[in-house]
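The figures that follow rest on heavy atoms only: side chains count, while hydrogens, waters and symmetry mates do not.
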Amino acid sequence: MRTTFITNVRLVFPGERITPGSLLLRNGQIAALNPAHPPPDAMTIDGGGGLLTPGLIDIHTHGIQKFRYHYDTPREHFEDAFRLLGQYGTTTVFPTIVPADEPNLAANLSRLTAALPHGVGLHLEGPFLALGGAACATLPGDLKLLDEILAACANRLAIMSISPDQKKILPVIERLRERGIAPFMTHTRASVEQTQAAIEAGAVHATHFYDVFPAPEETDPGVRPAGAVEAILADRRVSVDFIGDGVHVHPTAIRAALAAKGWQGVILITDSNIGAGLPPGEHDTPWGYKVRVRAGDAARHLTKNFLAGSALTMNAGMKNLLRWLDLPPAEVWAMGTLNPARLLGLTHKGRLAAGADADLVLWDDELLPVKTWAGGRRLYERGNNG
């Protein structure tokens, strides 16, 4: 792989600083920061003073544009979908599947795993959830079924989202941690005690936080009840993520979590589905209805107007967070880069350092990618992406 020297950029070190500099790429990695004498045969790219960040990492996403991630998605469709992500600054993605309550679940997951491109980790949203919605299964914890799922996923499962209030869930959480899989909490009406028990068992994160986390019913007038949301906010061991579109979660609610967690404990996701990244208009789906996408809104059912998933892309989410949060920009950038990498143990991603993967994005002033690299290879270049 050719050596590349990127100069005249503002380097974003997530969580730390933004500083003028340059870097050298070789063999898919960052070879050096601010090299005094780049190799004379290196291909030089003048970044024009733009921001250069690590690639964005989306840990909860169901699709992009007209592609959805599903059991029946063929490998070439996964590959086509992943190629689209560069234009939104995303270089690492965890396709998120909602497993159904069905007898052939293991076979479906085996087929899915075989279709995933090499090195791509999987996020299962279920099936051990307490609240439905978006076709989520609501099965009690079952170690036998879990072991069948793990075998079918063939070491590709990175994340499983569960509910702390589902029956027999604690052994599931413990088994996931034993296998190095991150248990995320979601779709829950859990009590404080149930949530704390799940955290002690190894649940590390809450996904699409506040969404499908209903507030407990007030049964004693004048006494404010506490539940999963309060227990999660109170425990610094647990991080949270948000759909940063301004529709699913009000920016003030994100600021409240930031006050509780600090910038290190907050992550941006898209929870995107069909429609994400498409221009405003009406778009077909495989569910028998059209969705409407328009600026400033999520995807909605065309005729019934209910939410039909997120139409967010990671760059749009980052732009929102940079506008909403009164933080140094380097700390905001960590929410889409360093923080998800740390959560999932991706030690070579989410940062600018010698030896890190050359997953990089050069941005313009409107926070649109000019160039995107994944493993040092061009994933996207504006005006030249054939």
Side-chain angles (χ1 to χ4, degrees), residues 56-74 77-90 92-100 108-109 112 115-116 120-127 129 131-137 158-161 184 186-187 207-212 241-249 267-318 320 336 340:
L56 299 174
I57 301 170
D58 194 354
I59 62 176
H60 192 147
T61 169
H62 299 275
I64 187 71
Q65 292 193 9
K66 293 184 178 293
F67 294 99
R68 67 165 177 161
Y69 309 135
H70 190 257
Y71 300 141
D72 297 323
T73 302
H77 284 191
F78 275 117
E79 292 171 345
D80 290 344
F82 295 164
R83 276 193 288 270
L84 293 173
L85 296 172
Q87 65 188 280
Y88 311 113
T90 301
T92 301
V93 66
F94 289 80
T96 306
I97 308 297
V98 178
N108 284 336
L109 289 173
L112 166 67
L116 283 177
V120 176
L122 186 63
H123 177 177
L124 292 186
E125 192 172 4
L129 298 174
L131 299 179
C136 289
I159 304 162
M160 178 177 279
S161 290
F184 286 10
T186 196
H187 286 254
T207 191
H208 58 56
F209 196 47
Y210 299 135
D211 295 310
V212 207
D241 67 49
F242 294 100
I243 306 169
D245 60 3
V247 177
H248 284 82
V249 180
I267 291 172
L268 170 69
I269 62 165
T270 63
D271 201 6
S272 59
N273 215 314
I274 288 177
L278 291 177
E282 302 172 5
H283 303 286
D284 291 324
T285 74
W287 309 303
Y289 58 82
K290 290 179 179 288
V291 295
R292 182 182 64 247
V293 173
R294 58 187 175 188
D297 201 359
R300 292 186 180 273
H301 189 289
L302 180 62
T303 58
K304 298 181 180 179
N305 203 43
F306 58 70
L307 287 175
S310 161
L312 188 67
T313 57
M314 284 292 284
N315 65 314
M318 283 301 313
N320 287 338

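- A 4.5 Å side-chain heavy-atom check between Tyr88 and Ile64 finds at least one atom pair inside the cut-off.
- Under the ring pair (Phe, Tyr, Trp, His ring centres under 6.0 Å) criterion, Phe67 pairs with His77, not counting sequence neighbours.
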Legend entry - Audit row: Val98, His62, side chain to side chain contact (heavy atoms under 4.5 Å, CB included) steps and yes/no: CA-CA 9 Å; Val98 178; His62 299 275; 3.7 Å; yes
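- Side-chain polar atoms of His301 and Thr303 form a donor-acceptor pair below 3.5 angstrom.
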Inset, instruction - May I have the step-by-step check of side chain to side chain contact (heavy atoms under 4.5 Å, CB included) for Asp58 and Thr92, ending in yes or no? - result: CA-CA 6 Å; Asp58 194 354; Thr92 301; over 6 Å; no
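- No side-chain heavy atom of Met314 sits under 4.5 Å from any side-chain heavy atom of Ile57.
- Minimum heavy-atom separation, Ala100 to Ala137: C-CB, 4.2 Å.
- Atom-to-atom distance recorded for Asp297:CG and Asn305:CG is 7.5 Å, nearest 0.5 angstrom.
- Of the inter-residue distances, the one linking Leu116 atom CG with Glu79 atom CD reads 10.5 Å to the nearest 0.5 angstrom.
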Inset, instruction - Start with the C-alpha gap between Leu129 and Val212, add the side-chain angles, then the distance that decides, and say whether side chain to side chain contact (heavy atoms under 4.5 Å, CB included) holds. - result: CA-CA 11 Å; Leu129 298 174; Val212 207; over 6 Å; no
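- Across all their heavy atoms, Val293 and Leu278 have their closest contact at CG1-O, 3.9 Å.
- Side-chain atoms of Ser272 come within 3.5 Å of backbone atoms of Gly63 as a donor-acceptor pair (strictly under, hydrogens ignored).
- If you run side chain to side chain contact (heavy atoms under 4.5 Å, CB included) between Thr207 and each of Ile267, Ile59, Thr186, only Thr186 comes through.
- For the pair Leu268 and Met318, the tightest heavy-atom approach, listed with the atom from each and the gap, is CD2-N, 3.5 Å.
- Note on ring orientation: taking the six-membered ring where Trp is involved, the planes of Tyr289 and Phe306 are perpendicular (angle over 60°, cut-offs 30° and 60°).
- Nearest heavy atom pair, residue Ala81 against residue Tyr69, reads CB-CE2, 4.0 Å.
- Looking at every heavy atom in both residues, Val247 comes nearest to Ala298 through CG2-N, 3.9 Å.
- In this structure, Asp271 contributes its side chain and Ser310 its backbone to no donor-acceptor pair below 3.5 Å.
- Using cut-offs of 30° and 60° for the angle between ring planes, the Phe78 and Phe82 rings count as tilted.
- Taking the six-membered ring wherever Trp is involved, the centroid distance between the rings of Phe184 and His123 falls below 6.0 Å.
- Judged by distance alone, with hydrogens and angles left aside, the side-chain atoms of His283 form no donor-acceptor pair with the main-chain N or O of Val291 at under 3.5 Å.
- The OG1 atom of Thr73 lies 6.5 Å from the CZ atom of Arg68; values are rounded to the nearest 0.5 Å.
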Inset, instruction - In sequence, state the C-alpha distance, the side-chain angles, and the governing distance for Leu112 and Leu122, and then conclude on side chain to side chain contact (heavy atoms under 4.5 Å, CB included). - result: CA-CA 10 Å; Leu112 166 67; Leu122 186 63; 3.9 Å; yes
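- Residues His208 and His248 keep their aromatic ring centres 6.0 Å or farther apart.
- Heavy atoms only, all atoms of each residue included: Cys136 and Leu131 are closest at CB-O, 4.4 Å.
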